[in-house]
Amino acid sequence: MLTRSIPQKSSTAGMFMKLVSNFIKPQCGVGSCSFFTSRPASYLQTACEVAFDTERNVDEYADVDWDKLGFRLMETDYMYIMKCCQDDEFSHGQLNRYGNIELSPSAGVLNYAQGLFEGLKAYRKVNGNGFLIFRPEENARRMQIGSDRMCMPSPSVDQFVHAVKQTVLANKRWIPPPGKGSLYVRPLLMGSGPILGLAPASEYTFLVYAAPVGNYFKEGLEPINLVIQDESYRATPGGTGAVKTIANYSPVLKAQMQAKKKGFTDVLFLDAVDNKYLEEASSCNIFIRKNNVISTPMARGTILEGITRGSIIEIARDFGYEVDERLVSVEDLTEADEVFCTGTAVVVAPVNSITYKGQRYKYNCGEDAVSRKLYKSLTDIQMGIAEDKKGWTVEID
Ligand SMILES: *Cc1c(COP(=O)(O)O)cnc(C)c1O
């Protein structure tokens, strides 16, 4: 059931009054937050439309060529917004029409990158009605850890999951048919209040939007080619590499662009201290396999601990592989039988080659590759094909 703050069956007038009272209720101290005072009147109307539209569109599919989905932004119908003040707690959010948001030019997020993002996927169930989201509480907890690092208030786990569910249901006509892709859900947390001197912003916005996606890399499910970057680093000890802050991502673009220009799919980063231990690619974690042993760089504050990474570690152990979280050096790459990347967006991507100092190392990514087995096992759970014995999926209908 779609539970929303907008009553579904009440009269238009009653609904409008409820909306108005929800919307103009000030959440912040006088003068400290700009949001409610600067909102144009049309905003109320926008919120009102939400109630009508979600009822009308329930069972249709959006007009999309589902066979051509990539990992690009396709605008959907609704987004979820919740705001609070610096020393307060999030308490009340709601769906709005998807669209541009208004921000002060001096918003903390624009000036000092006080922001976090998350990413998770919703699948249409293969057997029967309803939708599945994968381990949303893990994303919620990760956002809480990140918000502490970035000095922001964070939604509770329940608020986060509720917002994700509402966003998925309100946009359900955009969820691809089974086997064609998923609805990628993107929660954001940002300092939206104005600030000039360096300090935490006065007001925070939690926003969730969603877009239908297919494969992440243009290679699709084909193996990818990585190049090791040893001139710039993604993360440093004591920095923010372990949290999903927006501040970590634009610094990676230059290396990524250069790699793509040379025909590589993505960059593989090394640690900034010894310049020899693998960390991760620009947005996914890395694993190597040698015989029956699978290894992945240990989390020591400079890699983003992926939820896919954690899930794959468990699944691989269930299959009987030994999985080590350890320091994995570039020399280990010369011996590995197989390498693969994991992340919500890429799922499990087999690595065909890694290039380091001009030398190209090739890996098994044939039909018998372990990464394929792990990919299937994980996606079968995510799509509801296999029984979810671990309680990882959350069902909504
Ligand atoms: C999001 C992300 C990952 C993957 O995390 P998942 O929870 O598996 O999606 C890995 N590395 C970086 C840098 C990321 O931002």
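Hydrogens, waters and symmetry mates play no part in the numbers below; they use all other heavy atoms, side chains included. Note that the structure is predicted; figures quoted are calculated from it, not measured. Each ligand, and each atom within it, is numbered from 1 in the order the structure gives.
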State whether a side-chain donor-acceptor pair under 3.5 Å links [X] with [Y].
X    : Y    : answer
Y321 : K373 : yes
S202 : Q86  : no
R234 : S282 : no
T342 : T308 : no
S329 : K276 : no

Applying a heavy-atom cut-off of 4.0 Å, say which part of E280 lies close to ligand 1: side chain, backbone, both or neither.
side chain
Of the backbone atoms (N, CA, C, O) and the side-chain heavy atoms from C-beta on, which set of A345 has a member under 4.0 Å from an atom of ligand 1: side chain, backbone, both, or neither?
neither
Find all atoms of ligand 1 within a distance of less than 4.0 Å from any non-hydrogen atom belonging to [X], and give their numbers and elements.
X    : value
T344 : 6 (P), 7 (O), 8 (O), 9 (O)
Y249 : 12 (C), 13 (C), 14 (C), 15 (O)
S282 : 13 (C)

Protein heavy-atom partner closest to [atom] - residue, atom, separation in Å:
atom                   : answer
atom 1 (C) of ligand 1 : K244 NZ, 1.4 Å
atom 8 (O) of ligand 1 : T308 OG1, 2.6 Å
atom 5 (O) of ligand 1 : G306 CA, 3.2 Å

Flag this pair as yes if the NZ/CZ of R289 is under 6.0 angstrom from the six-membered ring centre of F340 and inside a 45 degree cone about the axis; otherwise no.
no
Please work out which of G343, S283, S311 has its closest non-hydrogen atom nearest to atom 3 (C) of ligand 1.
S283
D332 (side chain) donor-acceptor with V328 (main chain) under 3.5 angstrom
no
Ignoring hydrogens and geometry, is there a side-chain-to-backbone donor-acceptor pair from Q114 to M150 under 3.5 Å?
yes
R234 touching ligand 1 at heavy-atom level, < 4.0 angstrom
yes
contact_flag R142 ligand 1 heavy-atom lt 4.0 Å
yes
E305-ligand 1 polar pair, N/O distance under 3.5 Å:
no
